[in-house]
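Note sheet for the following structure.
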Amino acid sequence: MRFFNTYSREIEEFQPRDPAERKVGIYTCGPTVYSRAHIGNFRAYIFEDLLQRHLELRGYNVHRVMNMTDVDDKTIRGACEANIPLAEFTAPFKQAFFEDIETLRIKRADEFPAATDQHYIDRMIEMIGTLISRGLAYQADDKSVYFRINKFPDYGKLAHFDLTQLQSTGRVKHDEYDKEHIGDFALWKAWDEEDGDVGWESPWGRGRPGWHIECSAMATALLGDQIDIHCGGVDNIFPHHEAEIAQSEGVTGKKFVRYWLHCAHLLVDGQKMSKSLGNFYTLPNLLEKGYTGREIRYALMRVHYRAPLNFTWEGMEEARQALARIDEWLARLREVIAKKIDNEKNKTRPREQFEEALDDDLNISAALGFLFETIRETNRAMDRNELDAPSAEAWLDWWKRINKVLDLETENEILLPAEVAQLAKDREKARREKKWNQSDELRDRISARGWEVRDTKDGQKLTPRGTS
RNA sequence: GGCGGGGUAGCCAAGUGGUAAGGUCGCGGUCUGCAAAACCGCUAUUCGCGGGUUCGAUUCCCGCCCCCGCCUCCA
């Protein structure tokens, strides 16, 4: 198995810390719960889901942690504006997040530590204390504690940045007079009036943790000093992950992460989907348009994680059609099995290309290409009545195996509504009497109710469209 | 300005030093009363542009162009 490691900028053979036990520790940066996450955020989480599921398919025992950032400027501002306690403000967004990942069939992480958990606050304070004692951090005149990047020679290595070349984007306001170096980042932010009643006591006074330290504290607390894989969006490479390395290694003295994997952005109209640009869609936005969770999952999954993915409605339609093709294929395989078709002519058996494609830095496009090739070949055999039941069973087993990674099968059998059943019954009668106009009219009415009619040798078949 | 990612058909996209997977859309055909689904065929003499290496380059090298992102709290 090979992955592109952001640190080396090279494809590397994957070797976990504990190859014998096949244990893999993964840390993924989770949402900041100040508003509902948008589908660009979920592209990253789906990529991480694919990673976890493929590792598991290959026999690894994955332990994944995803943090919840429930204290930062935005959450505090939101709570202030709503005039409610911070926890009350973030709770519905946490809940919405869990609903959304369930809709998208994203496997839950083993742990979702929250930044405001006193246990982790304590750990952050402890780490900051250690960094200060080693000269890697200092308390400035503004009472905040900053990381001293000049004392950490590797700072900038992940992003390949030359620190003397850093330019301010003006996105974040700097308290330049308080910091020794413009690049020094906050570990502990001193309380100010805008924080209201949000704050924790520390050896440096009342305040709250900086964003980066929370991940270092939770990652090392739950996964140990060294973790196998750390993921996130490319926009987290700098400064967030760079800072995590500095803080963690500054405390433990050990290499923090073996493999850094970063996901490219979801674009809309060729631009990064983001809250600040206002060009974003949430999951409920797409569900309202009639798309289902698995259709959205497919649409967000089908492009390689390191390539930008442009979100379009055309892409959503493509996802729907592609899934219908898979559904149809599965239904046909099951039919062959049910009919116990026995034919010696075509004994086809599954191959390994799907898994091998994913071994290659999660090449999902190649993997799906192989799936669809397989679908065409087996459909062709079924058209000729040349696929026997054992072969169909073998392909179905194969699907069950790869679907552990894809998780794209329709969830529940949708019951035929009585109304549609009656229309179908009427249509059957009309067809027996060769009343074609009536038959076609009934087909339209059934179609208007979201069901598709097909006339086969065995009579009418009804399939729901756009199913979850 | 620095550092990345990307540029392959209408759209999405894989890929290799030896002549371009797959999905979707469109067109034609088989099947069908007509459809649908499925299958078959057609749809890139060509892979952003210009050089170079090579018997041969979309792939390797050099230069350039375009798009997107990051450059101190964005997945």
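In what follows, every chain begins at residue 1, and chains take the letters A, B, ... in the order their sequences are listed.
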Produce the list of close N/O pairs, under 3.5 Å, pairing protein atoms with atoms of nucleotides 10-14 of chain B; give distances to one decimal.
from	atom 1	to	atom 2	distance (Å)
B/G10	N2	A/E314	OE2	3.1
B/C12	O2'	A/R302	NH2	2.4
B/A14	O3'	A/N363	ND2	2.9

Worksheet item: When you look for runs of 3 or more Watson-Crick or G-U pairs in a row, both distances below 3.5 Å, which of them include RNA chain B?
Response: B:1-7 with B:65-71, B:10-12 with B:22-24, B:26-30 with B:38-42, B:48-52 with B:60-64
Discussion item. Aromatic contact between A/H241 and A/H262, with the criterion being ring centroids under 6.0 Å apart: yes or no?
Written reply: yes
Worksheet item: What residues form a salt bridge (Lys or Arg N to Asp or Glu O under 4.0 Å) with A/R325, not counting sequence neighbours?
Response: none
Item to complete: Taking side-chain hydrogen bond (donor to acceptor under 3.5 Å, both in side chains) as the test, write out the residues that go with A/E99, two or more places apart.
Response: A/Q95
Worksheet item: Quick one: ring pair (Phe, Tyr, Trp, His ring centres under 6.0 Å) pairs with a partner in residues 266-285 of chain A, sequence neighbours left out?
Response: A/H38-A/F280, A/Y281-A/F311, A/Y281-A/W313
Practice prompt. Just jot down the salt bridge (Lys or Arg N to Asp or Glu O under 4.0 Å) partners of A/E314, sequence neighbours excluded, or say none.
Written response: none
Worksheet item: Taking the side chain of A/N379 as heavy atoms from C-beta outward, which of B/A21, B/A35, B/A38 is closest to it?
Response: B/A38
Worksheet item: Taking only residues two or more places apart in sequence, or in another chain, which ones meet A/E244 in a side-chain hydrogen bond (donor to acceptor under 3.5 Å, both in side chains)?
Response: A/H230, A/H240
Fill in: Residue list, side-chain hydrogen bond (donor to acceptor under 3.5 Å, both in side chains) with A/Q139, at least two apart or on another chain
none
Discussion item. Below 4.0 angstrom, which residues in residues 98-108 of chain A have at least one non-hydrogen atom near RNA chain B?
Written reply: none
Discussion item. Under the rule for salt bridge (Lys or Arg N to Asp or Glu O under 4.0 Å), what residues qualify as partners of A/R432, not counting sequence neighbours?
Written reply: A/E428
Worksheet item: Contacts to RNA chain B from residues 425-436 of chain A, heavy-atom cutoff under 4.0 Å, which residues?
Response: A/R427, A/R431, A/W436
Discussion item. Holding to side-chain hydrogen bond (donor to acceptor under 3.5 Å, both in side chains), I want the full list of residues that pass it with A/S144, two or more places apart in sequence or in another chain.
Written reply: none
